[in-house]
Amino acid sequence: MKITSLSKLSVLLLLLQKPCHGYELIKGITEKFGYSVSPGQIYPFLFSLVKAKFVAVQKKGNRDKKIYALTPKGREFANKVVESFDELISLAVSKKVHVCAHCQCKVLGSSYSEKINGKKVYFCCASCAKSFARR
Ligand SMILES: [Zn+2]
């Protein structure tokens, strides 16, 4: 089985933490990874995991809610997938991290930048940029 999308990777990451309802997976992806997925993206993948015996379905509670849990085989598979993505992810993240030239704090994502002597210099905020310029 090939993991070719971020939503599939996210499902595996969440299932590695704990068994989840389909609904919990959808909510968890929004909360933990900051993007939304539709049930149509999640359920077909869950079914293929079940078919491959990577995930077992447990029924819990009186409303017969389905809980998806990784099997030992599935856990091994998920760990391998995460490992292979790990390098890629840290590379992607490190490209987004800037160190504030003034206070040295790390800024992830959009940071404040200014051109100083023709060079782009990054700051965590405008007031750090001002303090830096005053030096
Ligand atoms: Zn700063």
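First listed ligand is number 1; within each ligand, the first listed atom is number 1. Both backbone and side-chain heavy atoms feed into the values below; hydrogens, waters and symmetry mates do not.
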Which residues satisfy the side chain to side chain contact (heavy atoms under 4.5 Å, CB included) test with K32, sequence neighbours excluded?
L14, Q17

Of all residues at least two apart in sequence or in a different chain, which pass the side chain to side chain contact (heavy atoms under 4.5 Å, CB included) check with A52?
M1, F54

Would L25 and Y43 count as a side-chain contact (heavy atoms from CB on, under 4.5 Å) if you check the C-alpha gap in whole Å, the side-chain angles of each, and the deciding distance to 0.1 Å?
CA-CA 10 Å; L25 288 170; Y43 286 102; over 6 Å; no

Hydrophobic cluster identity match, L12 and I67, side-chain contacts under 4.5 Å:
no

Closer than 2.8 Å to the Zn ion (ligand 1), what protein N/O/S atoms do you find?
C100 SG, C103 SG, C124 SG, C128 SG

Stepwise, does the side-chain contact (heavy atoms from CB on, under 4.5 Å) test hold for S5 with F45?
CA-CA 11 Å; S5 74; F45 179 54; over 6 Å; no

Please identify each residue that fulfils ring pair (Phe, Tyr, Trp, His ring centres under 6.0 Å) with F132, with sequence neighbours left out.
F123

